[in-house]
Amino acid sequence: MVCLLPLTAQTTNILNYNNLSQLPQGAAVINVARGEHLDDDALITLLNSGHIDTAYLDVFKQEPLPKEHKFWQQKGFL
């Protein structure tokens with residue numbers, strides 16, 4: 001799944017657990033739009049469960065991504 005959406009009130013956190021869990025098992029998530037689209041914790045949960053295989057993220061809620069952010073230790077995060 002590739003996210004290229006503009007950031008609006010309707011698209012903030014659109015990449016949440018409910019929506020991401022509807023992707024097929026083993027899917028990849030690519031977000032090159034805005035960091036505010038993604039619920040970080042939901043993605044981590046789905047990566048850890050194996051439902052999402054890989055996440056390619058070019059944008060984050062806070063940039064640069066802090067060294068202590070969970071993504072740096074996350075399997076499947078590129």
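Side-chain atoms of Val29 and Thr54, non-hydrogen and from C-beta on, never get closer than 4.5 Å to each other. The shortest distance between side-chain heavy atoms of His37 and Val59 does not fall below 4.5 Å. Side chains of Tyr56 and Val32 form no contact here, defined as non-hydrogen atoms less than 4.5 Å apart.
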Between Asn13 and Leu38, does a side chain to side chain contact (heavy atoms under 4.5 Å, CB included) hold up when you go through it step by step? CA-CA 5 Å; Asn13 284 321; Leu38 179 64; over 6 Å; no
Before you tell me yes or no, could you show the steps for Ile30 and Cys3 under side chain to side chain contact (heavy atoms under 4.5 Å, CB included), namely the whole-Å CA-CA distance, both residues' side-chain angles and the distance that decides it to 0.1 Å? CA-CA 6 Å; Ile30 302 170; Cys3 180; over 6 Å; no
Show the numbers, then the answer: is there a side chain to side chain contact (heavy atoms under 4.5 Å, CB included) between Leu20 and Met1? CA-CA 9 Å; Leu20 291 174; Met1 189 275 312; 4.1 Å; yes
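Every residue meeting the side-chain hydrogen bond (donor to acceptor under 3.5 Å, both in side chains) condition with Gln74, not counting sequence neighbours, appears here in chain and number order: Asn48. The side-chain contact (heavy atoms from CB on, under 4.5 Å) check on Gln62 picks up Pro66, with sequence neighbours excluded. Partners of Asn31 by side-chain hydrogen bond (donor to acceptor under 3.5 Å, both in side chains), not counting sequence neighbours: none found. With sequence neighbours excluded, the residues forming a side-chain hydrogen bond (donor to acceptor under 3.5 Å, both in side chains) with Gln10 are Thr8, listed by chain and number. Not counting sequence neighbours, the partners of Thr12 by the side-chain contact (heavy atoms from CB on, under 4.5 Å) test are Leu7.
Listed by first and then second residue, the salt bridge (Lys or Arg N to Asp or Glu O under 4.0 Å) pairs that reach into residues 51-76 are Asp41-Lys70, sequence neighbours excluded.
Counting only distance, with no hydrogens or angles, the side chain of Asn16 and the backbone of Asp39 share no donor-acceptor pair below 3.5 Å. Under the 3.5 Å distance criterion, the side-chain polar atoms of Glu36 are left unmatched by any main-chain donor or acceptor of Thr11. Judged purely by atom type and a 3.5 angstrom limit, His51 uses its side chain to pair as donor or acceptor with the backbone of Ser21.
Atom-to-atom distance recorded for Leu23:CG and Leu15:CG is 9.0 Å, nearest 0.5 angstrom. How far CZ of Phe71 is from CG of Leu43: 5.0 Å, rounded to the nearest 0.5 Å.
At most 12 non-hydrogen atoms from other residues, nucleotides or ligands lie less than 6.0 angstrom from OH of Tyr17.
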